[in-house]
Enquirer: 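Could you have a look at this structure, given as structure tokens, before my questions?
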Amino acid sequence: MAYPVQKHRTITPPYAPGRDEFFVTNTDHSLETLLTQAGHFVDPETGAIVPPIHPSTTYRRDDRYELHGFEYSRIANPTGRHVEEVLASLEGAEDALLFSSGLAGVSTFLETVNSGQRIVAPRVMYHGAADWLRRLAERRGMDVAFFDATAPDALEHAVLAGETAVVWIEPSVNPTWDVIDVRTASETAHAAGAILAVDATVTPAVTLRALDLGADIVFHSGTKYLAGHSDVTAGVLATRTVDARWDEIRRARTLMGGVLGPFESWLLLRGMRTLHLRYERQSANALAIARHFENHPGLEAVLYPGLESHPGHAIAARQMNGGFGAMLSLLVAGDADDARRVATRTRLFVPATSLGGVESLIEHRATVEGPDSIVPANLLRLSVGVERVDELIADLEQALA
Ligand SMILES: *Cc1c(COP(=O)(O)O)cnc(C)c1O
């Protein structure tokens with residue numbers, strides 16, 4: 001599967017003045033090659049092809065009392081900065097920032113919205129971000145409007161011209177995987193004077209290029225596909241342009257303190273080197289599972305944008321060029337107890353929350369979200385991994401039997 005070849009931004013060494021060879025800046029390569037080579041890194045002093053981990057919290061001034069790029073680790077650290085440069089290249093962004101978790105990125109971003117301004121988001125979306133939006137509406141006077149992603153024109157009606165600061169979307173909404181047209185959403189947001197922020201956690205740039213489709217800000221829970229091994233918690237924001245809003249986000253990260261540590265930054269980059277391979281295999285596995293179970297008597301429905309029967313399939317096919325992703329949901333024929341029972345019978349699919357790791361997970365989403373959940377009671381969410389797909393299918397077959 002071929003991902004787009006693009007001209008990457010030149011990666012400049014932020015903390016090594018005079019060491020212009022720190023990164024190889026011939027950047028006319030595909031995303032696969034960029035990722036595999038961790039931003040074409042070679043340390044000119046040692047020849048090391050793996051970036052170092054810099055644990056230092058503070059940075060010496062020179063004999064003119066000048067700093068050389070870094071000052072204190074809550075502001076930025078060299079290991080994290082390297083990862084941010086690679087992420088900016090991956091997204092086609094002017095800049096990227098790492099956060100200590102996905103939600104640290106979300107809450108820091110939302111610091112740039114003032115009370116009284118409107119934020120528009122889908123009614124079904126990642127529940128943690130939705131919880132925080134509701135809290136901002138209750139405690140901080142923000143005007144939060146949720147729209148029905150399955151209804152045509154619902155976004156257009158929710159976006160009030162002149163009053164809306166941010167439209168926040170997920171290209172495939174979690175956990176029903178209804179598809180939102182990113183290009184159309186960006187046009188709607190911009191026409192109202194708002195920016196479009198895209199939670200691309202389940203649709204990373206190896207399949208969907210949010211900035212190319214008109215987004216202004218791209219968000220990732222790096223905990224998921226970017227890191228890919230269920231062993232690091234991280235968040236990412238990337239921006240189309242370094243503007244006043246971006247400066248404010250950077251300032252808010254420094255002052256709110258949600259930075260990612262050097263070791264976690266390094267682990268994230270280590271995982272990103274195989275993002276394209278994992279995503280391709282996981283998408284292929286998910287498509288095979290979705291097709292196999294589409295008409296299964298134990299299920300009411302299989303929700304997966306890669307199925308031709310899915311209402312969002314045509315849009316997904318247009319905006320996802322590297323696979324339909326590895327997230328799908330099963331509506332079990334029965335109630336919450338029946339669904340939970342299936343989730344306790346699998347032997348390969350691990351009954352656990354989260355997604356995007358190499359191992360397959362299954363969860364009863366309504367239980368995880370709690371009593372306020374609007375997710376169907378019979379919904380099981382699958383995060384499909386890189387195991388052999390015939391064994392995954394057999395596992396679900398025996399659990400549903
Ligand atoms: C996990 C997730 C988040 C939150 O990220 P954390 O790293 O858990 O803080 C946000 N959006 C989506 C779609 C997610 O899956």
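Start at 1 and go down the list; that is how both ligands and their atoms are numbered.
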Enquirer: Are D243 and R245 within salt-bridge range, i.e. N to O under 4.0 Å?
Expert: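 Judged by the 4.0 Å cut-off on N to carboxylate O distance, D243 and R245 do not form a salt bridge.
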Enquirer: Could you check whether D95 pairs with R253 (Lys NZ or Arg NE/NH1/NH2 to Asp/Glu carboxylate O, under 4.0 Å)?
Expert: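 Looking at R253 together with D95, the answer is no, because their closest N to O distance does not fall below 4.0 Å.
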Enquirer: To which protein heavy atom is atom 4 (C) of ligand 1 closest, and what is the distance rounded to 0.1 Å?
Expert: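 Protein heavy atom at minimum distance: Y126 CE2, 3.5 Å.
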Enquirer: If the cut-off is 4.0 Å to any non-hydrogen atom of L355, which atoms of ligand 1 fall inside it?
Expert: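 Checking each atom against L355, I get 15 (O).
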Enquirer: Using distance alone, determine whether G102 and ligand 1 share an N or O pair under 3.5 Å.
Expert: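 For ligand 1, there is an N or O atom that lies under 3.5 Å from one belonging to G102.
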Enquirer: When you measure from atom 9 (O) of ligand 1 to every protein heavy atom, which one gives the shortest distance, and what is it?
Expert: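 Nearest protein contact, heavy atoms only, for atom 9 (O) of ligand 1 is L103 N, 2.8 Å.
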Enquirer: Check whether NZ of the Lys or CZ of the Arg R61 lies under 6.0 Å from the centre of the six-membered ring of Y65 and within 45 degrees of that ring's axis.
Expert: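 Yes - R61 lies over the ring of Y65, closer than 6.0 Å to its centre and within 45° of its axis.
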Enquirer: So, D372 versus H127: side-chain donor-acceptor pair below 3.5 Å or not?
Expert: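 No, no side-chain donor-acceptor pair sits under 3.5 Å.
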Enquirer: Using a strict cut-off of 4.0 Å, indicate which atoms of ligand 1 neighbour a heavy atom of A234.
Expert: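 Checking each atom against A234, I get 7 (O).
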Enquirer: Say whether E170, considering both its backbone and side-chain N or O atoms, lies within less than 3.5 Å of an N or O atom on ligand 1.
Expert: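 By distance alone, the answer is no.
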Enquirer: Measuring only between side-chain heavy atoms, which start at C-beta, is Y279 closer than 4.5 Å to P204?
Expert: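 Yes, their side chains come closer than 4.5 Å.
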Enquirer: Would you say E84's side chain and L98's backbone share a donor-acceptor pair under 3.5 angstrom?
Expert: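 Such a contact is found between E84 side chain and L98 backbone.
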Enquirer: Measure the distance from atom 11 (N) of ligand 1 to every protein heavy atom, then report the residue, atom name and distance (to 0.1 Å) of the closest one.
Expert: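 Its nearest protein heavy-atom neighbour is D199 OD2, 2.8 Å.
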Enquirer: What do we get for A129 next to ligand 1 when only non-hydrogen atoms under 4.0 Å count, side chain, backbone, both or neither?
Expert: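 Neither part.
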Enquirer: Check the side chains of T33 and S30 for a donor-acceptor pair under 3.5 angstrom, ignoring hydrogens and angles.
Expert: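 Present: a donor and an acceptor within the cut-off.
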Enquirer: Looking only at protein heavy atoms, which one is nearest to atom 2 (C) of ligand 1, and how far off is it?
Expert: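 Answer for atom 2 (C) of ligand 1: K224 NZ, 2.5 Å.
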